[in-house]
Amino acid sequence: MVSATGHGTVDCSILAGMTPTVVTLDAMRSAMRLAGFAWSDAELDALRPGLERALASLDELERLPLGDTERRRSTGFF
């Protein structure tokens with residue numbers, strides 16, 4: 001949660017409500033098609049473990065307690 005105005009908190013999570021628990025081949029195929037890629041199922045399957053690790057890492061970053069960091073930075077402690 002990040003305080004955008006100093007009057008409360010706003011959920012600025014990149015992943016909020018967007019990240020599936022399991023990355024499916026259909027979801028990857030759709031995302032790649034939207035991005036203009038025409039990769040085979042074998043190529044997408046090869047990418048899946050790296051994508052799942054990257055999403056897990058983003059999830060860990062989103063959970064870091066940074067509220068105090070933002071408050072200190074805005075008050076000049078950094």
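Numbers here simply count residues along the sequence, with the first being 1. Scope of the values below: all heavy atoms of this structure, side chains included, with no hydrogens, waters or symmetry mates.
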Could you walk me through whether D26 and R29 pass the side-chain contact (heavy atoms from CB on, under 4.5 Å) test, one step at a time? CA-CA 5 Å; D26 285 337; R29 194 180 302 115; 2.5 Å; yes
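- Distance check: L55 CG to R48 CZ gives 12.0 Å after rounding to the nearest 0.5 Å.
- Across every non-hydrogen atom of L44 and M28, the tightest pair is O-CE, 3.1 Å.
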